[in-house]
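Here the structure comes first, spelled out in structure tokens, and everything after it is commentary.
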Amino acid sequence: MSPWAVIWELVTKRGNTAIRDSERKNLFDRITDAHRKGTNFIVIIDEEHSNNTAKAKTIIDAFAAKNIIRVSATAIKNNRYEFYEIDELDVIDEGLITKALYVNEGIEDNIEVSDDYDYLLDLADEKRKAIAAQYKEVLPEDKIIRPLVLVQFPNGQPETIRAVEQKLESMGYTYDNAMVSIWMSEDKRDLPDNLTENDATPVFLLMKQAISTGWDCPRAKILVKLREGMSEQFEMQTIGRIRRMPEAHHYEDGLLDFCYVYTFDEKYKAGLLSNMDKAYETRRLFLKDKCKTFTLTKEIRDLDYDGLGEREVLNKIYDFLVEKYHLGTDRKKNQMILAGNGYIFGNEILGQALHGQFVRTDMVMESTSYYTTRRHVDTHKHGIQLLHSVDSIKTAIGMSSGKVKTILERLFRKGRNTKKKLLALETADFYALVINNEHLLKEEFRAVTSDISKQMSFNLTPKTSPFHIPEQDFFRYDPDVKGEIEYLSNAYHEYTSGFATSLVRSTSEQLFEQYCEGCDDIEWVYKNGDTGQQYFSIVYLDGIQHQWLFYADYIVMKKDGTVWIIETKGGESKGKDKNIDRQIENKFNAFRNYAEKHSLHWGFVRDKDNRLYINNTVFAKDMADEHWVAIADEF
């Protein structure tokens with residue numbers, strides 16, 4: 001078998017020229033020529049989790065390989081193929097990766113931190129210098145290993161990058177003296193060619209979260225994970241950047257045989273392991289011909305409609321909090337009541353920092369070792385963090401950050417305007433209130449929006465556009481499904497029970513798809529997507545008249561030509577409500593109006609005792625209500 005190599009990035013990366021229509025024959029014809037000459041292919045796909053795309057599949061299929069080897073640090077087991085998992089301890093024993101990972105070494109409990117960047121970068125540089133000095137002790141004089149610190153920005157926001165650059169400049173590290181490099185895109189032109197070499201000059205690399213698939217720099221020993229918000233994910237692959245040993249063996253030295261992470265990111269643990277828990281895979285399916293001509297009218301938001309104004313929203317939130325907590329005009333008493341209900345007050349920003357030594361990466365998930373961090377509010381330094389908290393809260397009500405910040409100030413901050421003021425906090429205390437109670441405030445705002453909306457149809461006429469079922473789509477698939485059968489009623493070819501297990505579908509969705517598969521009068525069933533312009537959507541209004549898009553779960557074509565649109569919701573179990581959607585009634589009312597306008601059949605479907613019930617008349621939360629009927633009686 002003669003060697004035949006393809007540089008994968010040249011044919012799959014954006015902007016490539018290898019498979020453009022005008023040049024498509026350059027790649028595919030050469031593969032065909034190789035087959036004619038008797039060449040057998042073995043395809044090795046590194047970082048295979050990043051290459052599960054339609055383009056990648058087309059290219060891989062063209063090779064008609066004798067064997068395909070897929071490699072990934074986050075591989076998903078598939079029982080259809082041979083699966084080999086290399087234990088992390090075996091890799092450690094071979095000396096290929098560090099013996100363990102230290103998280104936040106040197107951080108103490110209840111420590112006061114004036115500035116995240118200052119504190120973490122100082123710790124990282126102190127560790128870098130210690131490692132560099134130890135390399136000089138153990139390595140021959142003619143060999144240099146210069147440890148590299150990766151500074152990770154989840155979003156690469158300019159103000160955060162500049163703050164770090166200024167800190168590094170004060171420490172003597174700049175772009176001008178080549179001690180600092182920056183990589184904020186796939187464009188590597190600004191990076192030194194030898195960046196990954198053990199003796200390269202840069203000792204700090206500023207990088208975005210997803211730096212580059214397959215990037216290898218064994219001298220990277222330290223990772224500083226900065227916060228630019230409160231909900232970034234921490235990718236497990238990032239840890240792999242600092243776990244490699246620069247000479248593929250251990251030095252039997254406690255300092256050199258470990259790697260180090262410094263972070264105050266409270267989402268660190270969940271984000272780090274987000275991919276490790278994902279036991280499903282994603283498969284592409286193709287639409288059946290009989291479904292390709294189907295069309296519906298979908299609704300999209302009317303950007304000219306603003307909903308309630310800032311003052312009306314303020315009044316609603318004020319009234320909600322007064323009623324919920326029985327607040328009054330005595331602001332000190334109000335503060336005591338809110339504190340008794342879980343609100344945190346003071347002029348310090350509280351946080352948690354994970355710490356410990358972890359041999360296996362997944363040991364992080366089992367750790368319960370956290371230190372509390374405290375930061376006295378500095379309105380200059382913590383202004384960005386305040387805005388991030390406001391940005392998080394605004395997602396609950398769909399208003400601009402500026403308006404949400406004004407509402408919070410009117411409610412809680414000391415100022416001239418005393419109307420609708422529940423507290424009168426000084427500026428530092430106000431900052432701390434919003435940052436420390438971000439999630440609680442977000443829930444309060446979300447509860448206000450769940451009030452029943454007066455749909456105000458005379459003011460809002462949603463925009464519309466035609467909807468067609470996507471001719472190809474990706475679906476989550478359970479590779480461990482047992483007794484797999486094909487669902488012939490589904491709109492897509494090769495859709496099976498493996499796409500409708502408890503791993504990838506709710507109970508009501510599973511039961512509904514099973515029910516449809518057993519009905520003789522159904523022509524096809526389409527599972528709609530959750531979000532995206534290519535999917536079917538209906539506009540609904542929340543309690544503050546803000547527009548949102550609602551993506552009904554299923555479109556069903558009956559054999560008599562009638563069309564049903566179905567939304568599934570959590571039902572009841574042991575007398576307890578399983579529905580978690582606070583907007584369920586607003587969606588129900590908007591759905592009913594849409595169906596009446598377009599003369600379509602519709603219904604909300606919920607499960608109880610493994611049976612399905614449907615309601616398309618008057619919303620009722622309690623499934624014992626007469627409006628919830630057995631699905632066979634209506635659908």
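Just so you know, these numbers come straight off a predicted model, no measurement behind them.
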Sequence-distant partners of His601, ring pair (Phe, Tyr, Trp, His ring centres under 6.0 Å), two or more places apart: Trp564
Quick check: does any side chain N or O of Glu567 sit under 3.5 Å from a backbone N or O of Asp553, one acting as donor and the other as acceptor? yes
Are Tyr343 and Phe412 an aromatic pair, judged by ring center distance below 6.0 Å? no
In plain terms, say whether Glu585 and Lys621 are close enough for a salt bridge, that is, a side-chain N and a carboxylate O under 4.0 Å apart. no
Main chain of Arg611, side chain of Asp609: is a donor-acceptor contact present, judged purely on distance under 3.5 Å? no
Minimal non-hydrogen separation, Cys516 against Val525, with atom names: CB-CG2, 3.7 Å
In Å and rounded to the nearest 0.5 Å, what is the CG to CG distance from Leu511 to Leu612? 5.0 Å
Check whether any side-chain heavy atom of Ile31 sits under 4.5 Å from a side-chain heavy atom of Phe63, and report yes or no. yes
Check whether Asp625 reaches the backbone of Ala620 with its side chain - one donor and one acceptor, N or O, closer than 3.5 Å. no
Going by an N to O cut-off under 4.0 Å, is there a salt bridge joining Arg505 and Glu513? yes
Counting only heavy atoms not in Lys292, do more than 12 sit closer than 6.0 Å to its NZ atom? yes
Please confirm whether the ring centroid of Tyr551 lies under 6.0 Å from the ring centroid of Phe536. no
With sequence neighbours left out, the residues meeting side-chain hydrogen bond (donor to acceptor under 3.5 Å, both in side chains) with Gln514 are none
Going from CZ on Arg592 to CG on Asn616, what distance comes out if it is rounded to the nearest 0.5 angstrom? 10.0 Å
Lys/Arg N to Asp/Glu carboxylate O, Asp581 vs Lys587, below 4.0 Å: yes
With Ser389, which of Glu438, Lys394, Lys442 fulfils side chain to side chain donor-acceptor pair (under 3.5 Å)? Glu438
Determine whether more than 12 heavy atoms belonging to other residues, nucleotides or ligands lie under 6.0 Å from atom CD of Glu596. yes
Give a yes or no on whether a salt bridge exists between Arg446 and Glu444, defined as a side-chain N under 4.0 angstrom from a carboxylate O. no
Interatomic distance, Asp607 atom CG to Ile631 atom CD1 [nearest 0.5 angstrom]: 11.0 Å
Pairing of Lys559 and Asp521 as salt bridge, 4.0 angstrom limit: no
Taking the six-membered ring of Tyr477, is the NZ or CZ of Arg283 close enough (under 6.0 Å from the centre) and on axis enough (within 45°)? yes
Pair Phe635-Tyr515, side-chain contact (heavy atoms from CB on, under 4.5 Å): steps then yes or no: CA-CA 11 Å; Phe635 175 72; Tyr515 178 82; 3.7 Å; yes
Got a donor-acceptor contact below 3.5 angstrom from the Arg476 side chain to the Val504 backbone? yes
Carefully, step by step, assess Asn593 and Tyr540 under the rule side-chain hydrogen bond (donor to acceptor under 3.5 Å, both in side chains). CA-CA 10 Å; Asn593 292 339; Tyr540 73 94; over 6 Å; no
Residues two or more places apart in sequence or in another chain: which of them pass side-chain hydrogen bond (donor to acceptor under 3.5 Å, both in side chains) with Thr507? none
If I compare all heavy atoms of Ile407 with all of Ile317, which pair ends up nearest, and what's the gap? CG2-CD1, 4.1 Å
Which heavy atom in Thr395 sits nearest to a heavy atom in Trp548, and how many Å separate them? O-CH2, 3.4 Å
Would you check if the side chain of Asp633 reaches a backbone N or O of Val629 as a donor-acceptor pair within less than 3.5 Å? no
Can you see which heavy atom on Ile614 is nearest to which on Val605, and at what distance? CG1-CG2, 3.9 Å
Any chance you could measure His493, atom NE2, to Cys291, atom SG, to the nearest 0.5 Å? 8.5 Å
Please step through side-chain contact (heavy atoms from CB on, under 4.5 Å) for the pair Tyr594 and Asn589, ending with a clear verdict. CA-CA 9 Å; Tyr594 173 88; Asn589 294 332; over 6 Å; no
For Lys420, check salt bridge (Lys or Arg N to Asp or Glu O under 4.0 Å) against everything at least two apart and list the hits. none
Heavy-atom closest pair, residues Val390 and Lys405: CG1-N, 3.9 Å
Lys463 atom NZ, neighbour heavy-atom count above 12 within 6.0 Å: no
Using a strict threshold of under 4.0 Å (side-chain N to carboxylate O), is an ion pair present between Arg410 and Glu310? no
Is the distance from the ring center of Phe591 to that of Phe550 below 6.0 Å? yes
Checking Leu549 against Ile538 for the side-chain contact (heavy atoms from CB on, under 4.5 Å) test, could you report, in this order, the C-alpha distance in whole Å, the side-chain angles of both residues, the deciding distance, and whether it holds? CA-CA 6 Å; Leu549 291 181; Ile538 297 171; over 6 Å; no
Say whether, by atom type as modelled, one donor and one acceptor occur between the side chain of Glu517 and the main chain of Ser489 under 3.5 angstrom. yes
Flag this pair as yes if the NZ/CZ of Arg606 is under 6.0 angstrom from the six-membered ring centre of Trp628 and inside a 45 degree cone about the axis; otherwise no. yes
Residues passing the side-chain hydrogen bond (donor to acceptor under 3.5 Å, both in side chains) test with Ser573, sequence neighbours excluded, are none
Lys316 with Asp319: basic N within carboxylate O range, under 4.0 Å: no
Working for side-chain hydrogen bond (donor to acceptor under 3.5 Å, both in side chains), residues Thr449 and Gln583: CA-CA 8 Å; Thr449 68; Gln583 297 293 340; 3.0 Å; yes
Within this structure, what is the CG-NZ distance for the pair Asn528 and Lys298, rounded to the nearest 0.5 Å? 9.0 Å
With distance as the sole test, does Glu299 use its side chain to make a donor-acceptor pair with the main-chain N or O of Val539 at under 3.5 Å? yes
Determine, using ring centers only, whether Tyr492 and Trp524 are less than 6.0 Å apart. no
Output yes when a side-chain donor or acceptor of Gln547 lies under 3.5 Å from a complementary backbone atom of Asp302, and no otherwise. yes
Would you call Lys558 and Glu523 a salt bridge, taking side-chain N to carboxylate O under 4.0 Å as the test? no
With sequence neighbours left out, the residues meeting side-chain hydrogen bond (donor to acceptor under 3.5 Å, both in side chains) with Lys527 are none
Decide if atom CD of Glu494 counts as having more than 12 heavy atoms of other residues, nucleotides or ligands within a radius under 6.0 Å. no
Under the criterion side-chain contact (heavy atoms from CB on, under 4.5 Å), I'd like the reasoning laid out for Thr568 against Phe604: C-alpha separation, chi angles, the key distance, then a yes or no. CA-CA 6 Å; Thr568 58; Phe604 267 42; over 6 Å; no
d(Tyr495 OH, Leu287 CG) to nearest 0.5 Å is 13.5 Å
With salt bridge (charged side-chain N to carboxylate O under 4.0 Å, His left out) as the criterion, how do Arg582 and Glu443 come out once you've worked through the C-alpha distance, each side chain's angles and the decisive distance to 0.1 Å? CA-CA 11 Å; Arg582 288 185 171 180; Glu443 284 303 306; 3.2 Å; yes
At their closest point, which heavy atom of Lys288 faces which heavy atom of Asn490, and how far apart are they? NZ-O, 2.8 Å
